[in-house]
Protein chains: 2
Amino acid sequence: MKTAVAIVDDHYLMAQALAELIRRFNEYDVIFCAQSGRELQLQLDGKAKPEIVILDVHMADMSGQDIAGYLRQNYPDIKVLALSMMDDEQTIAQMIQQGARGYLLKGCRPSELRLALDDIRTKGYHYSDFLTKSLINQLNQPALAETKPLLNQRERDFIRLACSELIYVEIADKMCVSPRTVDGYRETVFEKLGVKSRQGLVMEAMRRGLI
Amino acid sequence: MKTAVAIVDDHYLMAQALAELIRRFNEYDVIFCAQSGRELQLQLDGKAKPEIVILDVHMADMSGQDIAGYLRQNYPDIKVLALSMMDDEQTIAQMIQQGARGYLLKGCRPSELRLALDDIRTKGYHYSDFLTKSLINQLNQPALAETKPLLNQRERDFIRLACSELIYVEIADKMCVSPRTVDGYRETVFEKLGVKSRQGLVMEAMRRGLI
DNA sequence: CCTAAATACGGGAAAATCCCCGTTGCGCAC
DNA sequence: GTGCGCAACGGGGATTTTCCCGTATTTAGG
């Protein structure tokens, strides 16, 4: 009996290619691919549920973290394997916190993907040395110790607007707050993300998949 | 007789997955995958040459443009199909200018990849409507009309340093020029890339794969 | 010799950003 | 009633960025 797998990746060609590779593993069958969190929701409404979802972390619509959180809340039996281009520890910690059972890089070998799927199927999780080390490094960060997310919704709103060519008074106007409030958001976000300039914020936000 | 294909993509898993998908096409055989321009050079020294190279545009080491230019100069019989996450017209024009015979997005369907490979094999190129439209849009840009690259080496150096948290006097120090010279670089680069702020520069540089 | 391109540098000032330090009002829990 | 957290806002000013306008030297081509 093959294990049902679904893939969520906004690059359709890459999702189909990955499906092809996984079908070669024999014990797994890719039952559908979705290009967004929304499409995943639609697929889950109709089709048979997958046992494992391979989830691209950086998505244009709903982020990988949001999708993982949605799955944990609505389909707790579905196990998530996160797949990412980058290995920043913050994102890894967030994905695990949202319920991902493993985290792989797109630069890994197919055998590592296979092993991850096998582990998730048999043990329920795949905790590679790399993943564990990232979490250990996060132990010294206050953000991980806290249960609430690092950034609240207004800070995320600010970040999204800051990653544009708008000046701060224009951002304040769009957020319907005083320019002074935006100054406050900036300081808080700079501190939380460990940056000290707006271009640094843009780069860090892209690195963490916040935009 | 199968057409020999090679894949250049720094994400090994995705390259292997793509290889698997292409092998399903029957008329094509993936003879090797390379994770960088340098590894591609090594592979070409030893193995049989591929007829077609599928080349990821945004690479960490040598860029897709550089690799395409290298292939055109050293292996003019090898045809390049560019593969990218993004569809900005500047990058498309540059890839075609460097000799790419087609340009696909990673969000396309496998059937489009198949058609592109078929066209390149039989006709020598695959000019999709989307690609042609991008080039037409570029006709009104002065950069395309010019034969030399949009950005010279010093401007690229500046951009790389500007995509950091250094302030401009620190950048001037690193480039061994006057801060006023850096002011000049900034204005030129802002104009050439069509941005008006440093964070805009960071985003555009990332979009165009300049860093 | 003239012209153009490449590379470097400068004056001046307005606008924007960043930094450090505060206050206020509301909702909620004890 | 009190204290805390959250969200919003403010004073003040130093620093940096951006914009607009210039000049100078060297090299190469016609």
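Only heavy atoms go into these numbers, but all of them, side chains included; no hydrogens, no water, no symmetry mates. By convention in this document, chain letters (A, B, ...) are assigned in the order of the sequence lines, proteins followed by strands, and residues within each chain are numbered from 1. If you're wondering where the values come from, they're calculated on a predicted model, not measured in any experiment.
Note on residues 174-183 of chain B: pairs passing salt bridge (charged side-chain N to carboxylate O under 4.0 Å, His left out), not counting sequence neighbours, are B:Arg180-B:Asp183, B:Asp183-B:Arg186. Here salt bridge (charged side-chain N to carboxylate O under 4.0 Å, His left out) pairs that include residues 7-17 of chain A, with residues two or more places apart or in two chains, are A:Asp9-A:Lys106. For the salt bridge (charged side-chain N to carboxylate O under 4.0 Å, His left out) condition, no pair includes a residue of residues 70-85 of chain A, sequence neighbours left out.
For the pair B:Leu166 CG and C:dT17 C1', the interatomic distance rounds to 17 Å; values are reported in whole Å. Look at CG on A:Asp157: it is 13 Å from C1' on D:dA7, rounded to the nearest Å. Rounded to an integer number of Å, the gap from CG of A:Leu201 to P of D:dT16 is 19 Å. Going from atom CG of A:Leu161 over to atom P of C:dA16 covers 17 Å, rounded to whole Å. Look at CD1 on A:Ile167: it is 11 Å from C1' on D:dT18, rounded to the nearest Å. As rounded to whole Å, 18 Å separates atom C1' of C:dA5 from atom CD of B:Gln153.
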Acceptor/donor pairs from residues 196-207 of chain A side chains to any protein atom, 3.5 angstrom cut, sequence neighbours excluded:
residue: A:Ser197; atom: OG; partner: A:Gln199; partner atom: NE2; Å: 3.2
residue: A:Ser197; atom: OG; partner: A:Gly200; partner atom: N; Å: 3.1
residue: A:Ser197; atom: OG; partner: B:Glu165; partner atom: OE1; Å: 2.9
residue: A:Arg198; atom: NE; partner: A:Ala162; partner atom: O; Å: 3.1
residue: A:Arg198; atom: NH1; partner: A:Leu166; partner atom: O; Å: 2.8
residue: A:Arg198; atom: NH2; partner: A:Ala162; partner atom: O; Å: 3.1
residue: A:Arg198; atom: NH2; partner: A:Ser164; partner atom: O; Å: 3.0
residue: A:Arg198; atom: NH2; partner: A:Leu166; partner atom: O; Å: 2.6
residue: A:Gln199; atom: NE2; partner: B:Ser164; partner atom: O; Å: 3.2
residue: A:Glu204; atom: OE1; partner: A:Arg207; partner atom: NE; Å: 3.2
residue: A:Glu204; atom: OE2; partner: A:Arg207; partner atom: NH2; Å: 3.1
residue: A:Glu204; atom: OE2; partner: A:Arg208; partner atom: NE; Å: 2.6
residue: A:Glu204; atom: OE2; partner: A:Arg208; partner atom: NH2; Å: 3.3

Run the side-chain donor-acceptor check on residues 30-40 of chain B: report pairs under 3.5 Å with partners two or more places apart or on a different chain.
residue: B:Ser36; atom: OG; partner: B:Arg38; partner atom: N; Å: 3.4
residue: B:Ser36; atom: OG; partner: B:Glu39; partner atom: N; Å: 3.0
residue: B:Glu39; atom: OE1; partner: B:Gln35; partner atom: N; Å: 3.2

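By the ring pair (Phe, Tyr, Trp, His ring centres under 6.0 Å) test, A:Tyr75 pairs with no residue at all, sequence neighbours left out. Partners of B:Val57 according to the side chain to side chain contact (heavy atoms under 4.5 Å, CB included) rule, which considers only residues two or more places apart in sequence or in another chain, are B:Gln65, B:Ala82, B:Ser84, B:Thr91, B:Met95, B:Tyr103. In this structure B:Tyr12 satisfies the side-chain hydrogen bond (donor to acceptor under 3.5 Å, both in side chains) test together with A:Arg109, B:Gln16, sequence neighbours excluded. Taking the side-chain hydrogen bond (donor to acceptor under 3.5 Å, both in side chains) definition, one finds that A:Tyr28 meets it with A:Asp118, A:Arg121, sequence neighbours left out.
Using a 3.5 Å distance cut-off with no hydrogens or angles, the side chains of A:Asp129 and A:Thr132 do not pair a donor with an acceptor.
Looking at residues 169-179 of chain B, you'll see that no heavy atom sits under 4.0 Å from any atom of DNA chain D.
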Quick one, give me the B/S/- string for nucleotides 18-29 of chain C, reading 5' to 3', where B means a protein heavy atom under 4.0 Å from the base and S means that only happens at the primed atoms, P, OP1 or OP2. BBBB--------

Sugar-phosphate or base contact per nucleotide [nucleotides 22-27 of chain D; S, B, -; heavy atom under 4.0 Å]: ------

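Of the side-chain N and O atoms in B:Asn152, one or more sit less than 4.0 angstrom from OP1 or OP2 of C:dT7.
A:Arg101 places a side-chain N or O within 3.5 Å of a backbone atom of A:Gly124 that can act as its donor or acceptor partner.
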